[in-house]
Structure formats: structure tokens, C-alpha cells
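Worksheet: one structure, shown below.
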Amino acid sequence: MPRKRRDIDAEGPHGRRRRKQDGIGEMNLFSDIRHVVVETLDAMVAEGALPNGLDYGPVSVEPPRDPAHGDMATNAAMVLSKAAGEAPRAIAEKLAERLSQESRIASTEVAGPGFLNLRLVPGVWADVVTEALDAGRSFGHSGFGAGLKVNVEFISANPTGPLHVGHVRGAVFGDALASLLTFSGYNVTREYYINDGGAQVDTLARSVYLRYLEAHGREVAFEEGTYPGNYLVPVGEALRERVGDRYVDQPEEVWLDEVRTFATDAMMEMIREDLSALGVRMDVFFSEKSLYGTGKIEAALKLLESRGLIYEGTLDPPKGKALDDWEPREQTLFRSTSHGDDVDRPVRKSDGSWTYFAPDIAYHHDKIERGFEELIDIFGADHAGYVKRMRAAVSALSDGAVPLDVKLTQLVRLFQNGEPYRMSKRAGNFVTLREVVDEVGPDVTRFHMLTRKNDAPLDFDFAHVTEQSKDNPVFYVQYAHARVRSLWRKAEAAGIMSTDVPLLEDEAEFAVAKKIAEWPRLVEIAARTHEPHRIAFYLYDLASDFHALWNRGNDRPELRFIHEDDEARSSGKMALARAVAVVISAGLDILGVTPAEEMR
RNA sequence: GGCCCCGUAGCUCAGAGGAUAGAGCAACCGCCUCCUAAGCGGUAGGUCGAAGGUUCGACUCCUUCCGGGGCCGCCA
């Protein structure tokens, strides 16, 4: 039985994981200083300045909104005030006095309702830059995930045609989230669920059969309920090459099984290629069909039954929609309402066959059986209605031990220069993933898909996303990286040997170093909230700060990074620039975007 | 009817329960014949949809309502 996630959280922000990290060096300056604050609070308790049994969970150390307030602020005095039976500012004063003894803390200030603002000694920021350079792309990597086995299931499109633009967002989101979690110390499996067990793969088989007949020179008509897309033409031809005319003029029962398998394999091959073009690689493709005839569905339902959650019953007709053909029928139901769903859900139809939900339950049961301690499903927003029942199923199957987070990706609206993009007829009435990737490339596609939070709709303008101007965030971030690489090449050409000793001299430079210091914290927040878009937004901010630094050199050459007559100075400035590149590179790596060496 | 998502500057959107709510675009005002690069700098712009509630503290959490979108089935 997987250990309960709640036990971890009950200690406050990852108390157990915190301890695990002690002694291995903490790159996250904020959790580092928080640790100092907590230790100081402990010391105050030991001296009797604070009562025993305080809950440090809500104590935070974070960057203040206004830089004028200092480098970090803690709410410790405010959140402990009630339990300590003392005014927040009084606690803050006492805490401030002790904290100001810390070597890294330059000054403290009690402010507002009881904030304690901290200013760190300047050397801390240079150390951050050095750490980033030493750690390279692993800077910001953490033990936060504590090796937790997590399964990220995404895309899971029906194997009946090419992936379309709607899948792109889910694919990019899922892949980036998986990378983010890996980066944060989780043990991640990327998984694709192949819906190859339902009626739609029969439809696919029949459609391919029609293309097969066509390949034999027959005239065929694509009736309602078949897939007319041209992408099946080569599949029909390949089938002809494989079986010749053996299936021509044969009844369905002769060819259906083989054609279905053949067609599904061909579709999955195409889907893999599409994913590959986008830079997505799955660890596991899980076949729905593999659940049938193996007792897995029965076993999952039996488990639910043993918990009293399966019964025979009749549902009320769905409301708000006129259903002429509705008649109440008895069927086998899962009591999902006892795990947070709104109505109980059928798992077996009145004719005795499974509903689609039954294999979904078995599939998630299988994930739990494989030892995953945390599950993440990524659905398109049109599947929002299934969230509660899946959560109910996982909750019931794991007895509440395995959390399931379902992330929804909203629609993508395509434009060409501000005009709604015209659908291509080539592959049916939708724009394919391949068209998008072929048009703008995987890097641009991926980055842009993450410039919105997953549950906000996203506009994708083919003209705009490839535009090379500062209005385009993809370009803007790439450009910052390219500028550093350019500097680097120039420094090398000038014979300037890089050292890892940063030279920070003014506020703008410190600001960049401070932004770099936030990276590990940002990664942790993004990982915790399952929101990779935060990475993209952060990179944009960092790039912006860097560009500002660079631009100063236009009017004031003495502020440029490289001074050929002063190697030590150049090297010190380059350290900061290189650290920016390290973080951008690490961030883009998580997003699956290649950092540009130069802009062309 | 019910459920889910969304509602933040003119527009597109960020925003771990913290202080005076941010960015980009657009607008307005300057600067730029630089080669460090496909511009740079600045100003203005807000009752965070509304009303209650919880809290020392709410854009954030809860309830209700309004508005926009999506979904609902023995379909997949």
C-alpha cells in the first residue's frame, strides 16, 4: 500500500522532505533562509521566549512584492501571534534581534502588520550566481519530489486519425509537466492510453477497408459513420500490399479483426511519428484492449464491489436535455457519489457489456497496482465532465491513498495574421499537429503553448509566433540566451578566461542575481501546482531583466559585459551573464525547447 | 436543470492567504544615423464581475447571485 501523501503534508510544507534534504546542500535560498528562521524560532522556544508546540507550517519566507521592502519577508510573527498569545510586532521584534546575528542577514526591519523584512549581505547574491554556474542545468533541481512515483497520462487520443491541434496543447503541457516533475525529484512515467477497445476502432477498420477496396480500383462511398480523411489512403494501400485481394468481396467477420489491428497499428505508428516531430516521447503506451479478456476489468470492479460500491440500479434521466428515447433500465452502477461524484455511474450496460468507464476504472487500477503513488491525467476541456468520476474511481480503488490530479487544457484558437485560420481539407476538417509543427517548428510550438495557464484559452497565430520581435515571447527568451552565447564566443575570442567569481556592482546587476535566486523556488511552486506555464513566464521575466542590463551598454559602453582591456572585470560580468544562460537553458530544457545559440 | 472552467488596465493575460494588485500590446511623451542585435526609456491607465462570510490580513478560501464558455446519455 502506498504511503499516504497527506501524512507528508500534515507536517507543514513537506516537512519530511525537508529533513531528507538537510545536509545535501540546499540551492533554494528561500527555503534555506526559512530553515534559518525556523531554527531561530526553535531557539526562542528553548529560551522560553515562545511557547512550545507551535505549528511552523504556515511560516513562509518569500520575496516581497516591493523590492524596497528588502530581499525577503517572513510572516512568522503574524501566523504565530495567536498561538503565542503575543502581538505580531512584538514577536517580530524579538525574532529580528536574533536573526540579525545571522551571518548572511545584513539587516532586519519590522513592517506593516508584523512582517519581518530581511536584507541579505551582498555576497549571498554572488554566491547564488556561482552556485548556478557550478550546478549548470541542474541548478534548481531539488529533492522536493522525494522520488515519488508519479504517472502522467496525456494525449490518449483515439487511434483513429492523426493528432490535431487540440492534442498539441495537451501533449506539450503533459510533456513539460513530466519534465518539470522529473527535474523536481519525482520518478516520472509518461503514459498514453490507447482507446483501442471500443466501437470507434471498428469504424476505423471499416474505413480502412473502404480505402483497401479503393486501392483495388473499386468505387467506394464513405457513408455516415466512417472516417473519410485522406490519411487512410496509404493505410488501405499498405493493407492491399500485405493481403492482396484476399479480403475483397468478403463479409466483415472475415476481415474485421485483422484490419482493425492493422489499422490501429498504422494509426499509432503515425501518432508516434507526430509526437516525435513535436519532441514528445512516451514511456508507456497502454492498450485498452489489453484489459479485455484478461480479467483485469472484473478484478477492478470486484475490488470496488468488496467495498460495497457496486450495485444494480436505475438512473434518473439526465436533466436539461430533451431525451425522447430515454427509458429507465436497470444496470450495474458504481457508487461514485460516495467518493465525491454527483451521480452514480454505470459500468455495465443493460445488455451486459461494459461501458467505456469500466476499462477506465481498470486502467487506473492497473496504474495503482504498478505502484504509482500519485496520478496525473491530462484531459481536454471537453472531457471536464469525467473528472469527478475518475477521481471517485481512483479514490475508491486506492482507499484514498493515491491522489489523482486531473488537469484540463482549454481550446487553442488558430489565427493567421489575426484572421481565423482556415481549416485544411487534407486530413479532414481539422488542423493537424503535423501542420502546426511543420509550419512553425517544435520549439516555437512548444513554448507558445505554455504562454498561457492550462485552463485559459490560447490564441495561436502562425504569423505572430514566428515573428522575430520583442513582442514575441518565444523569440524574446531565445534571444536573451543567444546574446549570452554571443558574448561568450566573443570573450573566448578575446582570450578572456572565465572564472566563477561574479562581479556585481549595481542594483540592476543585483536584481538579475536575485531573479536567478528565485529560480529554484519558482520550480518548486510550478511542480507543486502542476503548472509548467510558470516556467515560461519566469523565463520571460528573466530575459527581460537581462535585456535591460544589456541595453544599458548601448548608451554607456562602460556598462558592457566585455572590456577587452580588463580581463578580470569582463570575467566577473560574464559570470552573471552565463548564469542567466544556465537558467534559461535549464528552463527551456524543462519546456522541451532548444536554447538558441544565435538568432538567424 | 445540474456540473466544471473562466471573469483582474482599452486588449491579451500573470499573480503559494500577505504590505501600495503586475507584465506585454495598444495609447501618450521623449530618445535612437547605434552596430551590443530585428529598437531604447518614461507616463498614464484598476471599486480584481457583485454581495455576504471566514481570517490579524482575501484577487486568492466558502456561500449566493450576475455574465461568458464547455460538458451531460447504456455514445466514445
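Hydrogens, waters and symmetry mates are skipped; everything else that's a heavy atom, side chains included, is used. Below, chains carry the letters A, B, ... as their sequence lines are ordered, and counting in each starts from 1. Note that the structure is a prediction, hence the values are computed from the model and not measured.
Looking at heavy-atom distances under 4.0 Å, P473(A) makes no contact with the nucleic acid at all. Using a 4.0 Å heavy-atom cutoff across all strands shown, A111(A) reaches at least one base atom of the nucleic acid. In this structure, R348(A) reaches neither bases nor backbone, as no heavy-atom distance under 4.0 Å exists between it and the strands shown. In this structure, T529(A) reaches neither bases nor backbone, as no heavy-atom distance under 4.0 Å exists between it and the strands shown. Counting any heavy atom pair closer than 4.0 Å across all strands shown, V79(A) reaches a base atom. Residue F537(A) is classed as a sugar-phosphate contact, given heavy-atom separations below 4.0 Å to backbone atoms only. At a threshold of 4.0 angstrom between heavy atoms, the contacts of S350(A) include nucleobase atoms, whether or not backbone atoms are also involved. Looking at heavy-atom distances under 4.0 Å, A482(A) makes no contact with the nucleic acid at all.
Nearest to the side chain of R65(A), among G22(B), C4(B), A38(B), sits G22(B). Checking G39(B), C3(B), G15(B) against every side-chain atom of H533(A), the shortest atom distance belongs to G15(B). For E531(A), the listed nucleotide lying nearest its side chain is G15(B); candidates were A19(B), G24(B), G15(B). Closest approach to the M599(A) side chain among A38(B), C56(B), A19(B) is made by A38(B) (side chain taken as heavy atoms from C-beta onward). Candidate nucleotides U12(B), A19(B), C5(B) were compared by shortest atom distance to the side chain of R452(A), and U12(B) ranks first. Each of G15(B), G24(B), G18(B) was ranked by its minimum atom distance to the side chain of M78(A); first place goes to G18(B). Closest to the side chain of R389(A), out of A19(B), C71(B), G73(B), is G73(B). The D382(A) side chain lies nearest to C71(B) when the options are C71(B), A14(B), G39(B).
Between G24(B) and H547(A), no contact under 4.0 Å exists linking OP1 or OP2 to a side-chain N or O. For R345(A), a side-chain nitrogen or oxygen approaches OP1 or OP2 of G73(B) to under 4.0 Å. Proximity of R534(A) to the phosphate of C13(B): no side-chain N or O atom is located under 4.0 Å from OP1 or OP2. Listed pair K388(A) / C4(B) meets the phosphate criterion, a side-chain N or O lying under 4.0 Å from OP1 or OP2. Residue K349(A) has no polar side-chain atom (N or O) positioned under 4.0 Å from OP1 or OP2 of G73(B).
Residue side chain D541(A) does not reach the base of A23(B) through any donor-acceptor N/O pair under 3.5 Å, judged by distance alone. Judged by distance alone, with hydrogens and angles left aside, Y386(A) brings a side-chain donor or acceptor within reach of the base of C75(B), the pair sitting under 3.5 Å.
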(request) Take R483(A) and H547(A) through the test side chain to side chain contact (heavy atoms under 4.5 Å, CB included) and record every step on the way to the result. (result) CA-CA 9 Å; R483(A) 272 181 161 167; H547(A) 285 308; 2.9 Å; yes
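Looking at every heavy atom in both residues, L232(A) comes nearest to Y227(A) through CD1-O, 3.8 Å.
Atom CG of N551(A) is separated from atom C1' of C31(B) by 13 Å (rounded to the nearest Å). Here the C1' atom of nucleotide A14(B) and the CG atom of D455(A) are 12 Å apart, to the nearest Å. Across the protein-nucleic acid pair, D471(A) atom CG and C13(B) atom C1' stand 15 Å apart, rounded to whole Å. Here U20(B) presents its P atom at 10 Å from CG of D66(A), a figure rounded to the nearest Å. Rounded to a whole Å, the CD atom of E62(A) is 6 Å from the P atom of G18(B). Here A14(B) presents its C1' atom at 16 Å from OH of Y538(A), a figure rounded to the nearest Å. If you take CG of L559(A) and P of C34(B), they are 19 Å apart, rounded to a whole angstrom. Nucleotide G15(B) holds its P atom 11 Å from the CG atom of L522(A), rounded to whole Å.
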Tabulate below the donor-acceptor pairs under 3.5 Å that side-chain atoms of residues 449-457 of chain A make, not counting sequence neighbours, or state none.
residue : atom : partner : partner atom : Å
T451(A) : OG1  : H448(A) : O            : 2.6
N454(A) : ND2  : L408(A) : O            : 2.9

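Atom CD1 in I562(A) sits 5.0 Å away from atom CG in L487(A) (nearest 0.5 Å). Note that CG of N195(A) is 9.5 Å distant from OG of S287(A), once rounded to the nearest 0.5 Å. Separating the OG1 atom in T314(A) from the CG atom in L333(A) is a distance of 7.5 Å, to the nearest 0.5 Å.
Nucleotides G7(B) and U60(B) are separated by 11 Å at their P atoms, to the nearest Å. Atom P of G42(B) sits at a distance of 11 Å from the matching atom of A23(B), rounded to the whole Å. Here the separation of U55(B) from C62(B), taken at their P atoms, is 16 Å to the nearest Å. A gap of 8 Å separates the C1' atoms of G39(B) and C32(B), to the nearest Å. Comparing C4(B) with C40(B), their C1' atoms are spaced 46 Å from each other, to the whole Å. Spacing of C1' atoms, C6(B) relative to C48(B), comes out at 14 Å, to the nearest Å. When the C1' atom is compared between C59(B) and G18(B), the two are found 12 Å apart, to the nearest whole Å. Using P as the reference atom, G17(B) and G73(B) are 33 Å apart when rounded to the nearest Å.
Stem analysis of RNA chain B (at least three stacked-register Watson-Crick or G-U pairs, each with both distances under 3.5 Å) gives B:1-7 with B:66-72, B:10-13 with B:22-25, B:27-31 with B:39-43, B:49-53 with B:61-65.
By the 5.5 angstrom centroid cut-off and the 30-degree plane limit, Y540(A) is classified as not stacked against the base of A23(B).
Checked for salt-bridge contact, E509(A) and R552(A) meet the test: a charged N lies under 4.0 Å from a carboxylate O. Ionic pairing of E558(A) and R569(A) is not present here: no N-O contact between side-chain nitrogen and carboxylate oxygen is shorter than 4.0 angstrom.
Separation of the F173(A) and F154(A) ring centroids does not fall under the 6.0 Å cut-off.
Between A384(A) and L458(A), the one whose closest nucleotide on RNA chain B sits nearer the 5' end is A384(A). In this structure, P88(A) and N454(A) both approach RNA chain B, and ranking their closest nucleotides by distance from the 5' end singles out N454(A).
Listed by first and then second residue, the side chain to side chain donor-acceptor pair (under 3.5 Å) pairs involving residues 456-468 of chain A are R413(A)-D459(A), E467(A)-S469(A) (not counting sequence neighbours).
Side chains of Y386(A) and D360(A): a donor-acceptor N/O pair is absent below 3.5 angstrom, by distance only.
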